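These notes are about the structure you will find just below.
Each chain gets a letter, A, B and so on, in the order the sequences are listed, and its residues count up from 1. All of these numbers come straight from a predicted model, not from anything done at the bench.
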Amino acid sequence: MKAPETIRAALVQAAARLGVPNVDVTIERPRDVTHGDLATNLALTLAKTLGQKPRAVAERLVTALDLPPSLVRKTEIAGPGFINFFLAEAQVVGVLPSIIAAGSDYGKSDVGRGRKINVEFVSANPTGPLHVGHGRGAALGDGIAALLEWTGWNVTREFYVNDAGTQIDKMARSLWARVQQATGRKAEIPEGGYHGEYLTELARQILEKEGKGFADLPEAEGLRRCREIGIRAERDEQDADLHEFGVRFDLVSFESAMYKRKLIEATLAELDKHGHTFTADGALWLRTTELGDDKDRVLKKSDGTYTYLVPDIAYHRDKHERGFVRAIDVWGADHHGYIPRMRAALQALSYPQDFFHVEIVQLVRVMRGGEEVRFSKRAGDFVSLRDLFEETGVDAARYFFLMKRGDSQFVFDVDLAKSQTEENPVFYVQMAHARMSGIFRVAGRDAASVSAEGVDLSVLTQPVEIELVKELAEFPEVLRRAAAAYEPHRVTAYLEGLARIAHAWYHKYRVLGEPEEAARLVLARAIKQVLANGLTLLGIRAPERM
RNA sequence: GCGCCAGUAGCUCAGCUGGAUAGAGCGUCGGCCUCCGGAGCCGAAGGUCGUGGGUUCGAAUCCCGCCUGGCGCACCA
């Protein structure tokens, strides 16, 4: 059993002796090293129920505690009533062999217990190339999915294609217009259509492949073909971009399939069965106001067609039917107003509150040379994801998207992402990994062959070494917390912190040729492993050399 | 007008879901640097946590009001 669990159990027992059974004990790692390795606020929380002063409770708890000196070398009461534990040296350094033994699995845990969870992200309309905002969603969604995998969830990465709505009609009409223009005819891109060059190019390809006669097709037929070809072409392009960006989906779902599979009718019937629909003004409504929304929403318009809400509900119902206990959606900030009605709809189907969770991604601004690079999908003059990662490299692009919370506004500094200096956080972290690798290269040893077997780790006594070991021990907990909060940026923050200590250690102490060489090689190996695990999880390379 | 999100060091951001003296990086200032792999290393200064109240042993964190910014308020997606 690990030290925190042993101490937790001992505290529960001690509290029981004071007459408070089954307490919930929180153990934390104090920021300040003078506060020990582990601490608990148990005395403060029990003070009220026991009707005694916190410090008095702390003293009684410590007296009732039963902990072996091989685990805890010192226990003290501090501040308002915290109990601080100082672990025996062997305990601290003892994490190194377990890191090496776990290898590329170090950091994994099983809080998910194999439960099925769905992470839906990007889900861009097939109306054009992906832009940098999609890239942020892609990196974030993939990062969240990876965190969930590392914490024991059975994850499905899913992409939802809106291929049945009016945006597709506009794309098809825009493409048809480009086809007409390419044959010298006059045609206008429709109001709110897509002006991007990519459709001009696609129109040219169509005529090349299908012949000039394509432009003479009856309009209805031309539009139908344009829709079909356009969706296919844009989907293929998006897939290629995502693939190169290192993001792979387990499943792509289509809005049109909700109609084909008759899920629309089934969903409406079920909403009706639960008594949440009503008819007014010739339309069918969902009474979402009773479920936290600020106004009721139309499901079926008076012209007989459905609003986009219906296939979306059907789609989420389908996720539920497929056995997911939770559905995480990564959405752009412009959709955040949509959350209450979606939540209300799923509540109307009486799904559990925590079934549906949305992570919002704010839009991305791109800066180069101190100036903002403008983009606008509709106008066709935007920064595409491909342009970005071809310039900065996939590693830098992914890292930058991941290093900030999704809901913070974000300015992507292209110059910084490209720079090969320590100001660039991705470079800084990768450099730390490369440095650790360099030690083994110079030593002429394969890092993987280094084991803690028979190595006296007690020679690792320098403060920075102890700090490093403690930081390495934190990794699994960091992942658990990051996963629980759906916040990959906590991993980048952790990696930067670890890299900083590793750089400091590297500069201050030599490994090879020192009396502590064997132990320091073990430490270097563990650092390398944790940096590699963290980077790999985020979809970023851990290079052997820069 | 209503709703959601944000406001923390000069700048960019963390802050472990209520804990101890609020932390990093960049920038500034002061020292150091013949190296396993160079683009460094160490230290210092720098804060009314937007603001005013409330909750309690304890608040950047939770609640309410206000200020500022972003986004959203369709029988569009």
Please tabulate the protein-to-nucleotide N/O contacts below 3.5 Å involving nucleotides 8-11 of chain B, giving atom names and distances.
none

With 3.5 Å as the limit, what N/O pairs link the protein to nucleotides 54-64 of chain B?
{"unit_1": "B/C57", "atom_1": "OP1", "unit_2": "A/Lys48", "atom_2": "NZ", "d": "3.2"}

Using a cutoff of under 3.5 Å, can you pull out all pairs of nitrogen or oxygen atoms linking the protein to nucleotides 24-29 of chain B, with atom names and distances?
{"unit_1": "B/C26", "atom_1": "OP1", "unit_2": "A/Glu422", "atom_2": "OE2", "d": "2.5"}

Please list, for nucleotides 72-74 of chain B, all pairs of protein and nucleotide N/O atoms separated by less than 3.5 Å.
{"unit_1": "B/C73", "atom_1": "O3'", "unit_2": "A/Lys295", "atom_2": "NZ", "d": "3.4"}
{"unit_1": "B/C73", "atom_1": "O2'", "unit_2": "A/Lys295", "atom_2": "NZ", "d": "3.1"}

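Scanning for ring-ring contact (aromatic ring centres under 6.0 Å, His included) contacts around A/His35 gives an empty result, with sequence neighbours left out. Here A/Arg541 pairs with A/Asp395 under the side-chain hydrogen bond (donor to acceptor under 3.5 Å, both in side chains) rule; sequence neighbours left out. Evaluation of the ring-ring contact (aromatic ring centres under 6.0 Å, His included) rule for A/His335 yields no partner, not counting sequence neighbours. For the ring-ring contact (aromatic ring centres under 6.0 Å, His included) test, residues two or more places apart in sequence or in another chain that qualify with A/Tyr428 are A/His503. Among residues two or more places apart in sequence or in another chain, the ring-ring contact (aromatic ring centres under 6.0 Å, His included) test is passed with A/Tyr506 by none.
Judged as a salt bridge (charged side-chain N to carboxylate O under 4.0 Å, His left out), the pairs with a partner in residues 483-493 of chain A (not counting sequence neighbours) are, in order, A/Glu487-A/Arg490. The stretch residues 491-508 of chain A participates, sequence neighbours left out, in no salt bridge (charged side-chain N to carboxylate O under 4.0 Å, His left out) pair at all.
A/Leu523 places its CG atom 19 Å from the P atom of B/C36, with the value rounded to the nearest Å.
OP1 or OP2 of B/C76 has not a single side-chain nitrogen or oxygen of A/Lys170 nearer than 4.0 Å.
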(message) Please convert RNA chain B into dot-bracket. A pair counts if it is Watson-Crick or G-U wobble with both distances under 3.5 Å; crossing pairs go in [ ] and bases paired with another strand get |.
(response) (((((((..((((.....[...)))).(((((.......))))).....(((((..]....))))))))))))....

